[in-house]
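A short write-up of the structure that comes next.
These figures come from a predicted structure and were not determined experimentally.
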Amino acid sequence: MPLSWNEIRQRAIRFSREWADASRERGEAQTFWNEFFDVFGLRRRTVAGFEEPVRNLKGDYEFIDLFWKGRLIAEHKSRGKDLSKAASQAFGYTQHLASQGRADECPRYLMVCDFARFALHDLEAESPQDQTLEFTLDQFHKHIRAFGFVAGYESRRIDPEDPANFKAVELLGNLHDRLEDGGYAGHDLQRFMVRVLFCLFAEDTGIFEPEAFKNFILHRTSPDAADLGAQLSRCFDTLNTPPDKRQKNLDEDLAALPYVNGDLFAERLAFADFDTAMRNALLSCCSFKWDKISPAVFGSLFQSIMDARARRSAGAHYTSERDIMKVIRSLFLDRLRNRFEKAGRDKKKLAALSRELGELRFLDPACGCGNFLVLAYRELRLLEMDILQARFGERINEGDIRANCHLTVDQFCGIEIEEWPVRIAEVALWLMDHQMNAELFDRFGQIKATVPLESSPTIRQANALRTDWNEVLPAQDCSYILGNPPFIGAKYQDKSQRADMAAVAEGVSRAGLLDYVAGWYFKAADYVRCTKTPVGFVSTNSITQGEQVGVLWNELFRRGVKIHFAHRTFVWQSEARGKAHVHVVIIGFGLFDTKPKHLYDYETSQDDPTITKAANISPYLVDGPDRAIVNRTKPICDVPRIGIGNKPIDGGNYLFTPEEKQELLSLEPEAATLFRRWYGSREFLNGLERWCLWLGDTAPNELRRMPHALNRVEAVRTLRSESKAAATRTLASTPTRFHVENMPDAPFLVVPNVSSAQRPYIPLGYLAPTAFASNLLGIIADATAFHFGVLSSAMHMAWVRQVCGRLKSDYRYSNKLVYNNYPWPQAATDKNREKVELAAQVVLDTREQFPDASLADLYDPLSMPPALSEAHRALDTAVDRCYRAHRFTGDRQRVEHLFALYEQIAAPLTGKRSQR
């Protein structure tokens with residue numbers, strides 16, 4: 001099982017530190033490479049030889065410093081030597097191997113190194129800029145992704161977008177804004193913009209004569225734009241009229257326009273009253289070259305002219321081609337492409353695959369402007385052309401084209417709540433159909449006519465959570481479901497959206513916690529019952545973290561859902577103006593099982609997913625069982641309980657910076673004994689000084705002698721009495737007390753509720769009983785050194801990474817979810833426990849060696865002291881031994897072990913066993 005990228009990164013940092021000594025010599029190279037492979041969890045001797053002989057062209061033997069057959073040749077030089085000469089030597093070795101008939105042993109990668117500098121050469125890189133990677137030893141941890149081939153990972157590059165898309169969006173957005181500012185708005189503006197968009201593409205892609213639309217505006221409308229609205233209305237009417245129904249005296253420029261059909265120009269719209277600036281904006285759009293624009297521009301157009309509030313309320317996140325392709329490839333395209341490759345020149349298999357393409361049906365139940373459907377159609381048409389090429393070669397005739405081009409836009413269906421995106425989606429598919437027909441002509445010299453439009457996609461304007469999807473596409477006819485449903489958190493849903501969720505999640509306990517996207521999971525699971533239809537959705541990563549996991553996934557598993565593939569958290573990109581990035585996952589699932597299952601990881605790169613196979617994919621998107629962990633009020637194991645810290649509900653009246661504290665004491669010195677050091681997550685981790693004025697135990701007569709303190713008590717009483725919450729108003733009667741009070745009378749262990757995911761460990765620690773911990777710290781009053789040690793270990797962190805919720809990318813440690821469900825070691829001996837306690841104390845003692853450093857300083861992965869790293873490694877080993885005798889090779893094994901142990905402990909409590 002490969003190590004996680006996080007663990008590899010930590011090992012790489014340690015490796016760089018240990019080999020940073022400038023006195024390293026060539027004779028230590030073998031040790032260097034042994035430890036290099038250890039970074040990735042491999043023993044060098046099991047995969048690669050050192051000083052391997054190879055016969056050169058003269059018949060003499062040369063020796064390859066490191067040789068991993070079929071993978072890697074490395075040439076090592078003394079520090080400061082010329083690496084270009086070493087690279088030439090390494091390239092020469094590949095030639096020697098090939099000349100000896102050992103071409104199957106020739107590696108893809110060559111690497112040269114001198115202890116301080118690295119150069120990695122990829123002989124199969126897709127582009128010249130990707131062929132060579134150079135970096136220094138201290139940068140090794142930043143480039144570990146390039147060594148995925150060592151760790152056992154596969155890398156895949158996904159094509160980026162054309163920058164011209166952004167310019168197109170700006171032009172169209174400007175036109176829309178000017179029209180709207182002039183009072184042309186609503187339904188008419190939406191329809192008008194869709195028609196303009198069609199005409200712009202049409203004149204640049206061969207549907208119209210070149211510049212026909214532009215010339216009509218230039219030569220048939222006045223420069224002051226007084227007649228432009230009326231003339232455009234005439235143009236649109238003409239496009240909706242068959243040639244044999246047009247007037248004989250029609251303007252010749254209009255008469256040259258084709259009949260479009262498809263209801264695009266059928267509705268009569270109010271005239272848009274243009275001015276010169278608006279006309280110029282339209283002509284600027286006409287001057288742009290639209291023939292090579294990505295179809296994703298339609299979604300970008302739509303988002304580019306929505307204000308931020310509308311975009312948030314609609315949950316609209318229109319998307320880059322790069323990210324849409326992740327869904328399409330994983331759900332169906334890679335599999336179809338693989339079948340095409342395997343078919344070779346077998347015409348029967350190719351013909352069968354071609355027919356199958358024409359039988360596929362697709363549904364995007366949150367289709368927006370149709371980006372997913374458009375790109376799916378494009379990719380399938382390109383595959384269909386490749387099949388034609390393989391079957392017929394270049395000598396294909398029009399009859400072959402008609403008989404073997406089976407794909408049409410009416411195989412694509414969608415549901416969208418807003419009207420304008422529905423129209424955009426229809427036009428986008430029509431124009432993509434035309435672009436693919438043009439591609440067909442470029443390849444084979446044969447053309448499929450685009451207009452008049454003979455087939456249309458089915459895009460229904462409706463609320464997908466209130467609509468029976470079978471009315472759009474019967475479930476038994478649906479081949480694939482895909483899309484990115486709206487991203488709206490539970491707290492941001494309006495009344496109608498909460499009502500939608502209540503309807504679709506009826507009977508689901510605690511469904512009010514779920515993001516809006518979860519509604520599409522429930523609807524899809526019901527829709528695909530009794531079918532083999534797979535689903536691929538983009539979702540906010542919150543449905544795989546924290547409390548939502550148990551609410552959503554246990555219900556889906558109850559309905560029979562199995563996860564087929566998953567893209568773990570990455571940043572979802574939009575092409576629009578003012579684009580909003582959001583952290584998402586992609587999950588493929590169905591009501592049937594499938595093998596193999598794949599996990600795509602973006603831990604070190606947003607462009608090149610690392611792909612691993614999984615026996616089963618858990619709702620945490622790791623290899624694991626079909627079981628989601630739920631909140632518990634007490635631990636499942638016999639360990640001390642964890643509680644929340646103090647929660648004043650004081651409006652900040654009892655909390656002070658050092659300066660504010662000093663100011664109060666200058667007025668009321670007698671308050672000095674009433675101040676307690678105050679720690680929340682930030683204060684505890686960063687060593688920030690903050691104070692709390694604790695008046696809860698102060699005698700009334702003493703309090704009345706401190707008028708400034710008494711003013712603060714009155715402010716708290718007023719704040720609470722004016723609260724909308726009845727419980728808070730009740731607290732107004734005791735304004736010197738806290739809402740939650742947790743004040744141990746002995747040193748106690750604290751766990752930060754929020755901590756950076758970049759840290760290798762969540763920094764835990766002890767506070768004195770004179771200190772107050774806020775509700776942003778978890779408190780374990782009776783924790784021993786053993787408990788501290790286990791909670792500070794790699795084993796516990798492996799659990800945290802899978803189960804913990806996130807605040808952005810930071811860990812949000814939950815007492816009920818993370819701590820209370822954690823499976824503590826069940827068979828640890830007294831000797832095992834003693835070793836953990838000793839190792840835990842070493843960690844605490846090592847911290848004390850750096851009195852001026854905060855915990856944030858000590859646990860920053862780049863500034864963490866080597867002594868503290870070593871202390872934690874020893875603690876990790878001691879804790880691991882409490883779970884099993886043989887060592888864990890990485891976090892993936894730890895997580896698998898913990899989930900299996902959780903099953904053993906939790907099953908007797910619930911009476912259930914989960915499925916794999």
Side-chain angles (χ1 to χ4, degrees), residues 3-21 39 135-145 569 571 583 602-606 679-690 749-767 776-778 788-789 791-802 804-813 818 839-877 879 890-891:
L3 299 178
S4 70
W5 281 118
N6 185 65
E7 187 158 355
I8 292 172
R9 186 184 295 109
Q10 298 305 320
R11 290 185 176 204
I13 291 171
R14 293 197 296 269
F15 174 86
S16 298
R17 288 172 177 163
E18 291 166 1
W19 285 92
D21 186 354
V39 168
F135 57 94
T136 55
L137 179 63
D138 62 344
Q139 298 171 328
F140 179 35
H141 67 281
K142 298 179 181 179
H143 299 287
I144 55 170
R145 180 55 180 276
T569 298
V571 177
H583 289 84
Y602 298 85
E603 190 173 348
T604 59
S605 171
Q606 294 297 303
Y679 293 92
S681 289
R682 288 183 64 250
E683 293 81 6
F684 177 72
L685 292 171
N686 295 284
L688 303 178
E689 185 179 347
R690 213 167 173 210
L749 184 64
V750 293
V751 183
N753 283 10
V754 179
S755 180
S756 170
Q758 297 300 314
R759 298 184 182 116
Y761 307 91
I762 293 179
L764 281 64
Y766 288 93
L767 293 180
L776 295 179
L777 291 174
F788 168 82
L791 294 175
S792 300
S793 71
M795 183 65 79
H796 181 249
M797 285 305 301
W799 180 259
V800 167
R801 291 187 186 99
Q802 302 307 321
C804 200
R806 297 291 196 277
L807 184 62
K808 295 184 178 179
S809 60
D810 294 338
Y811 298 127
R812 190 173 183 87
Y813 195 95
V818 181
Q841 189 59 51
V842 172
V843 168
L844 292 171
D845 292 344
T846 305
R847 290 182 186 176
E848 294 299 322
Q849 297 174 19
F850 306 92
D852 296 329
S854 68
L855 288 171
D857 296 330
L858 291 172
Y859 284 88
D860 185 299
L862 298 181
S863 63
M864 190 173 187
L868 185 56
S869 296
E870 182 57 39
H872 267 286
R873 283 199 295 274
L875 177 58
D876 293 342
T877 299
V879 173
D891 277 357

Subject >> Heavy-atom closest pair, residues Cys804 and Val818 >> reply: CA-CG2, 3.8 Å
Subject >> Check against side chain to side chain contact (heavy atoms under 4.5 Å, CB included), Asp891 and Arg801 >> reply: CA-CA 10 Å; Asp891 277 357; Arg801 291 187 186 99; 2.8 Å; yes
Subject >> Gly789 versus Ala840, closest heavy-atom pair with distance >> reply: CA-CB, 3.8 Å
**OP:** Look up atom CD1 in Ile144 and atom CZ in Arg11, then write down how far apart they are to the nearest 0.5 Å.
**Re:** 11.5 Å
**OP:** Could you walk me through whether Ile762 and Leu764 pass the side chain to side chain contact (heavy atoms under 4.5 Å, CB included) test, one step at a time?
**Re:** CA-CA 6 Å; Ile762 293 179; Leu764 281 64; 4.0 Å; yes
**OP:** Output yes when a side-chain donor or acceptor of Ser793 lies under 3.5 Å from a complementary backbone atom of Val879, and no otherwise.
**Re:** no
Subject >> Any side-chain heavy-atom pair of Leu767 and Leu749 under 4.5 Å >> reply: no
Original post:
Between Tyr811 and Arg759, is any pair of side-chain heavy atoms under 4.5 Å apart?
Top reply: no
Just list the side-chain donor-acceptor pairs under 3.5 Å for residues 855-869, sequence neighbours left out, or say none.
residue: Asp857; atom: OD2; partner: Ser854; partner atom: N; Å: 3.0
residue: Asp857; atom: OD2; partner: Ser854; partner atom: OG; Å: 3.1
residue: Tyr859; atom: OH; partner: Arg847; partner atom: NE; Å: 3.1
residue: Tyr859; atom: OH; partner: Arg847; partner atom: NH2; Å: 3.0
residue: Tyr859; atom: OH; partner: His872; partner atom: NE2; Å: 2.7
residue: Asp860; atom: OD1; partner: Leu862; partner atom: N; Å: 2.8
residue: Ser863; atom: OG; partner: Asp857; partner atom: O; Å: 2.8
residue: Ser869; atom: OG; partner: Pro865; partner atom: O; Å: 3.4

**OP:** Apply side chain to side chain contact (heavy atoms under 4.5 Å, CB included) to the pair Tyr602 and Thr569, showing each step before the final yes or no.
**Re:** CA-CA 7 Å; Tyr602 298 85; Thr569 298; over 6 Å; no
Original post:
Do Asp845 and Gln841 get their side chains close enough for a donor-acceptor pair, meaning under 3.5 Å?
Top reply: yes
Original post:
Is there side-chain contact between Tyr766 and Val750, with at least one heavy-atom pair below 4.5 Å?
Top reply: no
**OP:** Can you see which heavy atom on Thr846 is nearest to which on Ala871, and at what distance?
**Re:** OG1-CB, 4.0 Å
Original post:
Is there a side-chain contact between Ile8 and Val39 (heavy atoms, below 4.5 Å)?
Top reply: yes
**OP:** Taking the side chain as every heavy atom from C-beta outward, state whether Leu844 and Phe788 have any pair of such atoms under 4.5 Å apart.
**Re:** yes
Original post:
In Å, rounded to the nearest 0.5 Å, how long is the span from CZ of Arg14 to NE2 of His141?
Top reply: 13.0 Å
**OP:** Can you measure from CZ (Arg682) to CG (Asn753) and round to the nearest 0.5 angstrom?
**Re:** 14.5 Å
Subject >> All ring pair (Phe, Tyr, Trp, His ring centres under 6.0 Å) counterparts of Tyr813, not counting sequence neighbours >> reply: His796
Original post:
So, does Gln139 use its side chain to make a donor-acceptor pair with the main chain of Thr136 at under 3.5 Å?
Top reply: yes
Original post:
So, do Val800 and Tyr761 sit near enough that their side-chain heavy atoms are less than 4.5 Å apart?
Top reply: no
**OP:** Measure the spacing between CG of Leu875 and CD of Glu870 and express it to the nearest 0.5 Å.
**Re:** 11.5 Å
Subject >> 4.5 Å side-chain heavy-atom contact, Pro752 and Leu777 >> reply: yes
Subject >> Verdict with reasoning, Ser755 to Asp810, per side chain to side chain contact (heavy atoms under 4.5 Å, CB included) >> reply: CA-CA 6 Å; Ser755 180; Asp810 294 338; over 6 Å; no
Original post:
Backbone N or O of Trp799 within a donor-acceptor pair of the Gln802 side chain at under 3.5 Å?
Top reply: no
